[in-house]
Novice: 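Take a look at this one; I'll ask things after.
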Amino acid sequence: MKPLTEKDKTALLTHMDSAGIFVTCGKKTPNVMVTHIGTLGKLWGRDVFFLPVRSNKYSYKIVSETKSFALNVPSHDMRREIALCDTISGFKYNKFETLGLHAKPSRTVDTYILGECGLIVECNVIAKIPPENITAFTEIFDTAKAHTLFVGEIVDSYRLR
């Protein structure tokens, strides 16, 4: 496993905060979603990414089953694809085909990655925290839009370009 460099951490968080990053999950029934929220950290001595996902999303079902996901940080302007990905459902469409994205096998986790992206971060889920287990959650967020936090241990990171 190659750990994330400080430069890669900054790139991931900056892109997520500005345009968003792609999250891929699954191989039998693959999906791609976009996240604009999440964070890197350390938990139980492991490098992790906290991925919030609403329970009504197709990606929630897949990540819950496969216990893995990959973060895909674009290396060029993909705001159009990000915006479209945010508006179509993985329950109804194969987003890879619909968005013209190229799925490539990941190195270590049970998912595909996006060939169009530069930085890839592969994660295995080590914890799943439902919103009702977060004490202050109802005070800061509408429970109808509640997110489960998937804690993904970073098991590999690399650049495609």
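Numbering starts at 1 and runs along the sequence shown.
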Novice: Give a yes or no on whether the backbone of Arg107 and the side-chain of Glu122 come within a donor-acceptor separation of less than 3.5 Å.
Specialist: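 Yes, the answer is positive, given that a donor and an acceptor are paired below the 3.5 Å cut-off.
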Novice: Establish, from distance only, whether the side-chain atoms of Lys128 and Thr148 form a donor-acceptor pair under 3.5 Å.
Specialist: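 No, no side-chain donor-acceptor contact under 3.5 Å.
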Novice: Would Leu4 and Val121 count as a side-chain contact (heavy atoms from CB on, under 4.5 Å) if you check the C-alpha gap in whole Å, the side-chain angles of each, and the deciding distance to 0.1 Å?
Specialist: CA-CA 8 Å; Leu4 273 173; Val121 179; 3.8 Å; yes
Novice: Just checking, any donor-acceptor pair under 3.5 angstrom between side chains of Ser68 and Asp110?
Specialist: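 Distance-only check fails for Ser68 and Asp110.
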Novice: Quick one: does Glu116's side chain have a donor or acceptor within less than 3.5 Å of a partner on Pro74's backbone?
Specialist: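 Side chain of Glu116 to backbone of Pro74, a donor-acceptor pair under 3.5 Å: no, none is there.
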Novice: For the pair Ser106 (side chain) and Thr111 (backbone), establish whether a donor and an acceptor sit closer than 3.5 Å, ignoring hydrogens and angles.
Specialist: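 Looks like yes, one N/O pair under 3.5 Å.
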Novice: Does the ring center of Phe150 lie less than 6.0 Å from the ring center of Phe49?
Specialist: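 No.
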Novice: For Leu51 and Met33, work out which heavy atoms get closest and say how close.
Specialist: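 Closest approach of Leu51 to Met33: CD1-CE, 4.2 Å.
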Novice: Check for a donor-acceptor pair, side chain of Asn31 on one end and backbone N or O of Thr29 on the other, with a separation under 3.5 Å.
Specialist: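 No; judged by distance alone, with no hydrogens or angles, the pair does not exist.
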Novice: Do the charged groups of Arg159 and Asp8 touch, with an N to O distance under 4.0 Å?
Specialist: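 Asp8 and Arg159: salt-bridged.
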Novice: Do you know the tightest heavy-atom contact between Arg54 and Tyr60?
Specialist: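 The pair with the smallest heavy-atom distance is O-CB, 3.3 Å.
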Novice: Determine whether more than 12 heavy atoms belonging to other residues, nucleotides or ligands lie under 6.0 Å from atom NZ of Lys27.
Specialist: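 It does: Lys27 NZ has more than 12 such atoms within range.
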Novice: Look at the side chain of Thr87 and the backbone N and O of Leu84, then say whether any donor-acceptor pair between them is shorter than 3.5 Å.
Specialist: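 The answer is yes, because a donor-acceptor pair under 3.5 Å joins these two groups.
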Novice: Between His15 and Gly20 (side chain of the first, backbone of the second, donor and acceptor by atom type, cut-off under 3.5 Å), is there such a pair?
Specialist: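 Yes; at least one donor-acceptor contact below 3.5 Å.
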Novice: Give a yes or no answer on whether the side chain of Thr24 reaches the backbone of Tyr112 with a donor-acceptor pair at less than 3.5 Å.
Specialist: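 Pair found, side chain donor or acceptor close to backbone of Tyr112.
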Novice: To check you understand the geometry: which heavy-atom pair defines the closest contact between Lys57 and Phe91, and what is its length?
Specialist: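 Scanning both residues completely, I find the closest heavy atoms to be C-CE1, 3.8 Å.
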Novice: If you look at every heavy atom in Thr108 and Asp156, which pair is closest and at what distance?
Specialist: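 Taking every non-hydrogen atom into account, OG1-CB, 3.9 Å.
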Novice: What is the minimum heavy-atom distance between Gly26 and Thr66, and which atoms define it?
Specialist: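 Minimum heavy-atom contact is CA-CG2, 4.3 Å.
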Novice: Taking all non-hydrogen atoms of both residues, which atom of Ala19 and which atom of Arg79 are closest, and how far apart?
Specialist: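 Looks like CB-CG, 4.0 Å.
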Novice: Verify, without hydrogens or angle tests, whether Lys95 (side chain) and Val32 (backbone) share a donor-acceptor contact under 3.5 angstrom.
Specialist: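 Yes: the side chain of Lys95 pairs with the backbone of Val32.
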